[in-house]
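This one's a predicted model, so the numbers in the text were calculated from it and none came from an experiment.
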Amino acid sequence: MAVENIDPPSLTKPYGWHQLAVGTGSRVIFLSGQTPRTADGEPVGTGDLAAQTEQVYLNIAAGLEAAGASFEDVVKLTIYAKDWSLDKWEAVTAGAERAAARIGADVVKPTTLVGVATLAEPDFLIEIEATAIAE
């Protein structure tokens, strides 16, 4: 296993992510922020945070696969969410869970969520970047 997720009792118990990931592979993969568009560039889920989140996670999985990696190799996710408020967490979780079911992977990783005023395009509600370590 290239990545071990750890939630030490000396840190606050997280909800929806892990506190630490220890990677032991030989290749570091930095995946740029993925947005809610298909490979053909079509927007997904206009106004629907859960649908956009699902597409973003699917895009991350596709990018990792292209690099010869998978979600098992992810050590860190950074989520950028437009006009963030905690009541939006349920939609993000629902989208992530749907994507996890579709790709057959655990997408719960050490995560930082950053609320932003806007993203690259006005209809984007979420963007996620990933860092992975693979063999």
Side-chain angles (χ1 to χ4, degrees):
M1 173 186 279
V3 178
E4 178 186 6
N5 292 307
I6 303 169
D7 293 309
S10 57
L11 295 176
T12 302
K13 181 179 169 85
Y15 59 97
W17 66 87
H18 293 288
Q19 288 286 16
L20 300 161
V22 179
T24 57
S26 58
R27 295 182 308 125
V28 179
I29 300 161
F30 298 94
L31 184 62
S32 67
Q34 296 300 298
T35 61
R37 289 193 176 273
T38 66
D40 295 330
E42 294 299 316
V44 173
T46 301
D48 184 340
L49 181 56
Q52 288 194 13
T53 301
E54 179 180 7
Q55 184 62 48
V56 167
Y57 275 94
L58 295 175
N59 292 349
I60 292 169
L64 291 168
E65 183 178 353
S70 71
F71 257 99
E72 289 183 6
D73 302 310
V74 171
V75 293
K76 176 80 167 56
L77 296 172
T78 303
I79 300 173
Y80 301 93
K82 182 177 177 180
D83 298 324
W84 179 253
S85 61
L86 194 53
D87 63 318
K88 295 179 181 181
W89 184 249
E90 187 175 313
V92 171
T93 301
E97 288 173 351
R98 291 197 311 244
R102 288 180 63 182
I103 62 178
D106 180 4
V107 299
V108 177
K109 305 295 173 183
T111 300
T112 298
L113 191 149
V114 181
V116 296
T118 191
L119 291 164
E121 294 186 23
D123 291 338
F124 291 169
L125 302 175
I126 191 163
E127 181 173 330
I128 304 175
E129 61 186 23
T131 303
I133 299 179
E135 300 297 325

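Other residues sharing a hydrophobic cluster with Phe124 under the 4.5 Å side-chain heavy-atom criterion for ILVMFWY residues are Tyr80, Val114, Val116, Leu119.
Remark: the backbone N or O of Phe71 is paired with a side-chain donor or acceptor of Lys109 at under 3.5 angstrom. Remark: side-chain polar atoms of Glu4 are not paired, donor with acceptor, to backbone N or O of Thr24 under 3.5 angstrom. Lys82 places a side-chain N or O within 3.5 Å of a backbone atom of Pro122 that can act as its donor or acceptor partner. Between the side chain of Asn59 and the backbone N or O of Thr35, at least one donor-acceptor pair lies under 3.5 Å. Checked by atom type and distance alone, the side chain of Gln34 never pairs as donor or acceptor with a backbone atom of Val56 at under 3.5 Å. Between the Glu129 side chain and the Phe30 main chain, no donor and acceptor come within less than 3.5 Å of each other. Between the Gln55 side chain and the Val44 main chain, no donor and acceptor come within less than 3.5 Å of each other.
The shortest distance between side-chain heavy atoms of Pro8 and Leu20 falls below 4.5 Å. Counting heavy atoms from C-beta outward, Ile126 and Val92 have side chains that approach closer than 4.5 Å. Under the 4.5 Å side-chain criterion, counting only non-hydrogen atoms from C-beta, Ile29 is not in contact with Asp73. With contacts defined as side-chain heavy-atom distances shorter than 4.5 Å, the pair Arg37/Pro43 qualifies. Looking at heavy atoms from C-beta onward, Thr93 lies in side-chain contact with Glu97 at the 4.5 angstrom threshold.
A pairwise comparison of heavy atoms in Glu135 and Ser26 identifies C-OG, 3.5 Å as the closest pair. Considering all non-hydrogen atoms of both residues, Ala117 and Asp83 come closest at O-OD1, 3.6 Å. The minimum heavy-atom distance linking Ala81 with Leu113 is given by the pair CB-CD2, 4.4 Å. The shortest non-hydrogen separation linking Thr12 to Gln19 is O-NE2, 2.7 Å. Closest non-hydrogen pair, Asn5 versus Ala21, comes out as OD1-CB, 3.6 Å. Heavy-atom minimum distance, Tyr57 versus Ala99: CB-CB, 3.4 Å.
The line from CD of Glu127 to CD of Gln52 is 11.0 Å long, rounded to the nearest 0.5 Å. The CD1 atom of Ile60 lies 9.5 Å from the OG atom of Ser32; values are rounded to the nearest 0.5 Å. Atom-to-atom distance recorded for Leu58:CG and Arg98:CZ is 10.0 Å, nearest 0.5 angstrom. Once rounded to the nearest 0.5 Å, the distance linking CD1 of Ile128 with OG1 of Thr53 reads 6.0 Å.
Placement of Leu11 and Leu77 in two distinct hydrophobic clusters is found when ILVMFWY residues are connected by side-chain heavy-atom separations under 4.5 Å, directly or transitively. Linking ILVMFWY side-chain heavy atoms closer than 4.5 Å, directly or via other members, places Val3 and Val108 in two distinct hydrophobic clusters.
Dense packing is recorded around CZ of Arg27, with more than 12 heavy atoms of other residues, nucleotides or ligands lying under 6.0 Å away. Around atom CD of Glu65, no more than 12 heavy atoms belonging to other residues, nucleotides or ligands sit under 6.0 Å away.
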